Amino acid sequence: MVSSNMAASVLKRCATAAVKVKSLSPSLSARRWLLSAAYTDTKMWEAREKDPQNLAVLANTMDRTYDRNLPVSSLIMSRFVDNISSREEIDQAEYYLYKFRHSPNCWYLRDWTIHGWIRQCLKYGARDKALHTLKNKIQYGIFPDDFTFNLLMDSFIKDGDFKSACSVVEEVMLQEAFELPSTQILSLYALGSYLATRPQLAVSEERALGASLLICGQKQDNTIGLSAQLLGNAFLGKVENLKGIHAVFKGMPLFWGRGYLGRALTIMERVAAASGDVKLSKDTLGYVNDLLHDLPLSDSSPEESDSSGEESGGEEDKKEDTVDEDDQAEAAKLPEYVKKFKELSSQLESQGKVESTSFQDLVTALAQQNLAAAETPDLEQYESRVQAWEAEKRQLIQREKEMREKAEQEKQERLAAMAAAQQV
């Protein structure tokens with residue numbers, strides 16, 4: 001009934017048209033040093049060979065196919081997304097993306113369809129839908145490439161929606177897709193800008209931010225990268241202290257060993273022992289100091305973990321989330337960590353290895369200086385990728401044509417055989 005109503009809606013429309021974060025000081029405007037117009041330009045994408053389709057016909061075809069428990073072709077899904085022409089049709093496409101994901105052909109959603117879906121959402125003012133399908137990727141099959149991630153992240157950053165930009169960064173982190181320097185720069189910029197707004201963070205949000213800062217920071221072996229790793233480990237250490245280690249790494253591409261606060265201190269030791277001008281930002285050190293002092297120093301054990309933003313898988317998962325003696329032993333090290341943090345902070349200060357520039361100003365300068373150069377290889381790779389997508393699509397179309405011709409030939413042969421039998 002829902003699918004028939006959906007197709008009817010498309011047909012009708014076509015017929016009618018025939019936790020408290022302490023200060024990371026605010027910095028300069030986000031709008032100046034972002035992806036260039038050449039990077040976000042749609043000309044290359046729009047220049048692809050057109051395949052005009054009637055969405056009502058496509059919707060009806062998909063509905064009838066699903067009703068017969070048959071698989072829908074990835075080409076039909078691709079054509080539907082490519083032919084979106086309004087905000088309302090975004091909603092229709094979302095429905096069919098969901099249906100396709102839950103069909104026998106779910107593994108064959110094409111990369112260009114995912115890229116096209118995000119572009120269509122940006123084009124028709126539906127970034128909320130793009131983010132929704134991205135965060136619910138298991139239900140919709142939306143696993144973008146790095147270039148597509150950049151487009152969506154940049155769109156949020158330019159409008160000052162740093163929370164949503166960080167939600168995109170979280171998905172980049174979960175896919176471990178921080179390979180492009182441009183993605184690293186945009187992600188660090190989004191994280192620094194969001195933290196500068198001093199948001200109230202839930203434990204699950206601290207966990208996501210911590211993992212994003214840590215994994216992205218590991219790609220930058222400099223003051224920014226080490227400061228991000230320090231803060232990321234501190235966030236995760238706070239979650240570990242309050243909820244136990246399973247609440248930290250469950251569903252995350254993180255090391256499952258205990259001692260994230262200890263790893264934060266190791267970063268400080270590494271900087272203190274390093275030669276050269278690598279430093280840690282002063283406000284990041286202040287941030288970690290505040291996190292440490294926000295944690296309880298009592299003998300109470302960590303709380304039983306909630307889902308930390310992840311879906312529970314039943315009794316076994318609940319059992320895994322329960323803290324154990326090792327979690328309690330790790331939490332009991334907090335006074336030792338606090339003492340060592342003070343000692344290392346004083347050592348770094350005396351060595352001149354505390355950077356007075358704020359973390360946000362550092363990532364702003366990074367974007368200003370390096371983002372333009374990072375775009376060039378991205379655009380070259382994107383051009384090659386689009387060409388490869390088009391070549392693959394032409395092959396699929398040719399295969400589809402051959403299969404239809406074969407099916408038609410077999411049908412005619414059956415009809416001829418039936419006619420001959422009747423004459424006999």
Side-chain angles (χ1 to χ4, degrees), residues 1-14 48 51-121 124 126 128-145 148-149 152 171 174-175 251 310-311 313 385 388-408 410-411:
M1 178 64 70
V2 174
S3 61
S4 62
N5 289 339
M6 191 68 66
S9 176
V10 177
L11 181 60
K12 180 180 179 181
R13 186 171 60 261
C14 290
R48 297 170 305 134
D51 185 12
Q53 298 284 333
N54 185 313
L55 290 192
V57 173
L58 290 176
N60 187 53
T61 299
M62 287 192 282
D63 289 339
R64 287 189 292 105
T65 304
Y66 286 132
D67 288 343
R68 295 163 60 191
N69 292 321
L70 295 174
V72 166
S73 164
S74 63
L75 271 177
I76 294 181
M77 194 67 250
S78 173
R79 288 166 179 148
F80 197 99
V81 170
D82 279 347
N83 283 275
I84 291 172
S85 60
S86 70
R87 176 62 177 81
E88 185 180 2
E89 289 171 355
I90 292 287
D91 298 331
Q92 306 289 345
E94 178 194 0
Y95 168 79
Y96 285 110
L97 283 169
Y98 179 88
K99 289 282 289 183
F100 189 87
R101 180 63 174 175
H102 293 79
S103 74
N105 269 359
C106 61
W107 301 110
Y108 298 102
L109 186 65
R110 303 296 170 176
D111 289 343
W112 66 78
T113 304
I114 296 172
H115 179 75
W117 165 248
I118 299 299
R119 278 199 178 275
Q120 296 286 47
C121 288
Y124 293 106
D128 58 328
K129 289 294 183 183
L131 187 57
H132 171 73
T133 54
L134 178 60
K135 292 186 72 65
N136 293 278
K137 52 191 174 294
I138 302 301
Q139 300 300 322
Y140 293 95
I142 302 301
F143 294 86
D145 58 27
T148 311
F149 270 129
L152 184 57
E171 297 303 321
L174 290 171
Q175 287 189 209
E310 300 294 326
E311 295 181 1
R385 187 175 298 166
W389 285 344
E390 286 299 283
E392 184 180 357
K393 186 188 293 186
R394 285 192 292 270
Q395 290 178 354
L396 290 175
I397 292 172
Q398 180 61 30
R399 190 186 310 165
E400 179 187 61
K401 180 181 178 181
E402 292 172 354
M403 291 177 65
R404 286 179 175 175
E405 291 175 348
K406 182 179 179 181
E408 181 63 25
E410 291 174 350
K411 177 182 177 181

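Atoms considered below: every heavy atom in the structure, side chains included; atoms not considered: hydrogens, waters and symmetry mates. Note that the structure is a prediction, hence the values are computed from the model and not measured. Note that the numbering runs from 1 along the sequence shown for the chain.
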query = Would you say the side chain of Glu390 lies within less than 4.5 Å of the side chain of Trp112, judging by non-hydrogen atoms?
reply = no

inquiry  = With heavy-atom distances below 4.5 Å as the criterion, would you say the side chains of Lys393 and Leu75 are in contact?
reply    = yes

key: Phe80 and Tyr96 aromatic ring geometry - parallel, tilted or perpendicular at 30°/60° bounds   = tilted

Measure across [X] and [Y] and return the closest heavy-atom pair with its distance rounded to 0.1 Å.
X: Ile84; Y: Ala93; value: CD1-CB, 3.5 Å
X: Ala126; Y: Ile90; value: CB-CG2, 3.8 Å
X: Gln120; Y: Asp82; value: NE2-O, 3.4 Å
X: Leu152; Y: Ala130; value: CD1-CB, 4.1 Å
X: Pro52; Y: Asn83; value: CA-OD1, 3.5 Å

Within the side chain of [X], is there an N or O that forms a donor-acceptor pair under 3.5 Å with the backbone of [Y]?
X: Glu89; Y: Ser85; answer: yes
X: Ser78; Y: Ser74; answer: no
X: Gln175; Y: Pro144; answer: yes

Results of side chain to side chain donor-acceptor pair (under 3.5 Å) for Tyr66 - residues two or more places apart only = none

As an exercise, state the distance from [atom1] of [X] to [atom2] of [Y], rounded to the nearest 0.5 Å.
X: Leu109; Y: Leu97; atom1: CG; atom2: CG; answer: 6.5 Å
X: Asn136; Y: Leu131; atom1: CG; atom2: CG; answer: 9.0 Å
X: Ile118; Y: Thr113; atom1: CD1; atom2: OG1; answer: 12.0 Å
X: Met77; Y: Ile114; atom1: CE; atom2: CD1; answer: 11.0 Å
X: Arg48; Y: Trp389; atom1: CZ; atom2: CH2; answer: 9.0 Å
X: Thr148; Y: Asp111; atom1: OG1; atom2: CG; answer: 8.5 Å

State which residues pass salt bridge (charged side-chain N to carboxylate O under 4.0 Å, His left out) with [X]; sequence neighbours excluded, sorted by chain then number.
X: Arg385; value: Asp145, Asp146
X: Arg110; value: Glu392
X: Arg87; value: Asp91, Asp128
X: Asp51; value: Arg79

ask   = Is it true that the side chains of Gln398 and Glu402 contain a donor and an acceptor less than 3.5 Å apart?
value = yes

request  = Consider only side-chain N and O atoms of Glu88 and Tyr124, and report whether a donor and an acceptor are under 3.5 Å apart.
outcome  = no

request  = Hey, could you give me each pair passing side chain to side chain donor-acceptor pair (under 3.5 Å) that has a residue in residues 100-109? Not counting sequence neighbours.
outcome  = His102-Gln139

request  = Evaluate the side-chain contact (heavy atoms from CB on, under 4.5 Å) criterion for residues Met62 and Lys99: first the C-alpha distance (whole Å), next the side-chain angles of each, then the deciding distance (0.1 Å), finally the verdict.
outcome  = CA-CA 9 Å; Met62 287 192 282; Lys99 289 282 289 183; over 6 Å; no

request  = Determine, for Arg404 against Glu400, whether the closest basic-nitrogen to carboxylate-oxygen distance falls under 4.0 angstrom.
outcome  = yes

message = I need the single residue from Leu174, Leu134, Ile138 that forms a side-chain contact (heavy atoms from CB on, under 4.5 Å) with Phe143. Which is it?
response = Ile138

